[in-house]
Structure formats: structure tokens, C-alpha cells
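Every chain is numbered from 1 and lettered A, B, ... according to where its sequence line falls, protein lines coming before strand lines. Atoms considered below: every heavy atom in the structure, side chains included; atoms not considered: hydrogens, waters and symmetry mates. What you are looking at is a predicted structure, and each value in this text was computed from that prediction instead of being measured.
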Amino acid sequence: MERTETIPYEPAPETVARATWLRGQLLSWFRSSGRSFPWRDPGRRPYEIAVAEILLQKTTAAGVARAYSGFIKRYPSWASLALARLEDLESELRPLGLWRQRALVLRQLAQSIEERGGDVPCSRAELERLRGIGPYTASAILAIVYGRTEALLDVNMARLLDRFFGPIGSSGKERSRSLHQLASLLVKGGHCLQINWSALDFGALVCKARRPRCQECQLKAECWYARTQITPTSDAPSG
DNA sequence: CTCCCGTCCA
DNA sequence: TGGACAGGAG
């Protein structure tokens with residue numbers, strides 16, 4: 001037997017074709033409807049990128065957008081953040097939620113970076129050793145700061161992939177592996193940041209968790225979710 | 001698996 | 001009023 005049957009490192013040809021089509025659609029959609037955030041602006045320092053990624057964890061991007069500029073202005077560097085008073089940090093973070101653990105994480109992260117001479121690690125292993133930096137945040141820093149080809153598989157992209165390609169695997173482990181495979185397939189075609197941000201924005205604005213806008217979605221003809229869940233008389237299920 | 005947590009929207 | 005949010009840690 002072929003080893004590809006037991007070790008599916010290679011996605012099926014049809015999957016590759018659909019992923020390529022999806023890429024084109026997302027990039028096209030992003031040019032006209034993508035979101036603009038201060039932390040996406042070119043020229044941002046690694047510090048500003050890292051802080052944004054911590055703030056964005058399990059928090060709405062719209063909320064972070066409101067607090068971001070003020071936070072950077074008040075704490076403009078790793079050094080200032082490392083020396084911050086915990087109470088001040090907490091009150092700055094309070095409107096975003098998760099303020100207690102995030103204040104600790106940010107200050108400890110700043111102190112760790114300062115001990116390294118002020119530079120953000122450029123390897124996944126080093127990044128994930130730091131408090132508050134897991135697989136996703138490490139990928140984001142590698143992609144945005146160091147220009148590496150990494151998939152930003154957050155809840156938005158996961159939902160989009162899940163719906164577009166259809167349910168994958170029975171176990172959570174298998175599903176996770178397939179999602180990462182699809183995500184890396186998307187990103188490997190080039191334009192890493194554009195495709196990542198387009199998938200995130202599309203998942204947040206069109207392929208929403210609550211009320212997906214399937215009727216006006218340009219992917220509906222090829223989307224598993226739209227083709228199976230939509231009925232002529234009703235939009236996407238409300239639940 | 002649970003907790004962290006304020007905000008937003010159906 | 002409750003689920004969901006650019007996750008991560010215990």
C-alpha cells in the first residue's frame with residue numbers, strides 16, 4: 001500500500017484546487033472589504049506587534065482597536081512596560097477584559113525581552129517559551145515581524161475552513177490536524193499576510209459564528225456549509 | 001476541561 | 001440574557 005493512505009501529508013488534488021480557488025476569492029474580497037487596523041500598518045515595531053497580539057487574544061479586534069493607540073502611547077517600549085506599575089497596567093487593560101492575567105503577562109513578557117537585550121526571539125521554540133505566547137501568537141509574530149510563511153489559524157479562519165471544506169474527521173485531534181493542513185495550504189501560495197488577514201476578516205464579517213451572511217457570500221456556490229445548511233426559504237440557521 | 005473578563009449583539 | 005470574542009495556562 002502507498003504510505004499516503006496512512007499518512008496523509010498530501011491533501012487530495014480536489015482539496016488543493018478548492019484551496020487555490022478560495023485563495024483567489026479571499027484576496028479579491030480583501031482588497032475591497034478588508035479591515036484596517038493600526039497594528040497592521042507597515043513600519044510597526046516588533047514591540048507594537050507583540051503587544052497587539054497579546055491584546056487580541058480571545059478579545060474582539062474592534063475592542064482592541066479602541067484601546068490600542070492609547071496603550072502604545074502610555075507604554076511605548078519594552079522598557080516602559082517592564083517598569084510599569086501593575087495597578088496602572090490593570091486599569092489600562094480593564095475595558096478589554098482578562099485584565100488581571102494580561103497585565104501580568106505583558107509585564108513579565110517585557111521583562112523577559114529586556115533580559116534578552118530588547119529583541120524579540122525569531123524562532124518558534126524561543127517564542128513559545130515566553131509567558132503568554134502560545135502557538136497562535138508565535139505564528140503571528142513570526143509572520144508579521146519576521147516575514148515568515150505561517151498560518152494564523154485563529155477561531156475565524158478555523159470556522160471559515162470548517163464551513164467551506166465541510167466537517168473534518170471524527171476526533172478533535174484529527175480535525176485540528178486537518179485544519180492546520182488546510183491553513184498552511186492557503187498560505188503557501190504566497191502573500192502570507194494578505195491571505196491570513198483576509199481569512200480572519202472574512203470569518204469575522206461574513207462567515208460569522210452567530211449570523212453568517214451566506215446569502216450575500218461570494219463563496220456560497222462552492223461552500224459546503226452554504227450548500228447543505230441553506231434552504232430556499234431560510235437563511236443560515238440561527239443557532 | 002476550566003478559568004480568565006468586559007463588551008457587544010441577537 | 002447568553003454566547004462569542006486574532007488564546008493560553010493550570
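- Contact check on A/R102 versus A/E90 returns no salt bridge, with no Lys/Arg side-chain nitrogen under 4.0 Å from an Asp/Glu carboxylate oxygen.
- A/V64 comes within 4.0 angstrom of nothing in the nucleic acid, heavy atoms only.
- Between the P atom of C/dC5 and the CZ atom of A/R66 lies a distance of 17 Å, rounded to the nearest Å.
- Taking every heavy atom of residues 86-109 of chain A and every atom of DNA chain B, pairs under 4.0 Å involve A/R94, A/P95, A/G97, A/L98, A/W99, A/R100, A/Q101, by number.
- Contact annotation for A/R40: base contact, defined as any heavy-atom pair under 4.0 Å involving a base atom.
- Between the C1' atom of C/dA6 and the CD1 atom of A/I49 lies a distance of 12 Å, rounded to the nearest Å.
- Taking SG of A/C223 as the start and CG of A/L160 as the end, the distance is 8.0 Å to the nearest 0.5 Å.
- Looking at heavy atoms from C-beta onward, A/L22 lies in side-chain contact with A/F165 at the 4.5 angstrom threshold.
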Task: Derivation of the side-chain hydrogen bond (donor to acceptor under 3.5 Å, both in side chains) call for A/S139 and A/R124 - done: CA-CA 7 Å; A/S139 293; A/R124 173 175 300 277; 2.7 Å; yes
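- Nearest nucleotide to the side chain of A/Q57, out of C/dA6, C/dC5, C/dG8: C/dG8.
- Between A/R211 atom CZ and C/dC5 atom C1' the separation is 18 Å, expressed in whole Å.
- Taking CG from A/L161 and CZ from A/R163, the interatomic distance works out to 11.5 Å, rounded to the nearest 0.5 Å.
- Using a 4.5 Å heavy-atom cutoff, the side chains of A/L81 and A/Y47 are in contact.
- The side chain of A/N156 lies closest to C/dA6, out of B/dC5, B/dT7, C/dA6.
- C/dT1 and B/dC5 have their P atoms separated by 24 Å, given to the nearest Å.
- Regarding contacts with the backbone of C/dG8, a side-chain N or O of A/T137 is found under 4.0 angstrom from either OP1 or OP2.
- Of the residues near DNA chain B, A/K208 and A/T60, the one whose nearest nucleotide (by heavy atom distance) lies more toward the 5' end is A/T60.
- Phosphate proximity of C/dC5 to A/R159: present, with a side-chain N or O under 4.0 Å from OP1 or OP2.
- Side chain to side chain, A/R129 and A/S112 fail the donor-acceptor criterion of an N or O pair below 3.5 Å.
- One can place CZ of A/R35 at 11 Å from C1' of C/dC5, the figure rounded to the nearest angstrom.
- In this structure, CG of A/L200 is placed 11 Å from P of C/dC5, rounded to the nearest angstrom.
- Ion pairing between A/E92 and A/R74 holds under the 4.0 Å rule for side-chain N and carboxylate O.
- We find that CZ of A/R44 is positioned 19 Å from P of C/dA6, with the value rounded to whole Å.
- With respect to A/R40 and A/D201, a salt bridge is recorded, a charged nitrogen being found less than 4.0 Å from a carboxylate O.
- As rounded to the nearest Å, B/dC1 and C/dA6 have C1' atoms that lie 22 Å from one another.
- For A/Y68 and A/W39, the distance between ring centers is under 6.0 angstrom.
- The interatomic distance linking A/L160 (CG) with C/dA6 (P) rounds to 13 Å, in whole Å.
- Between A/I54 atom CD1 and C/dG7 atom P there is a gap of 12 Å when expressed in whole angstrom units.
- Scanning residues 123-136 of chain A for heavy-atom distances under 4.0 Å to DNA chain B yields an empty list.
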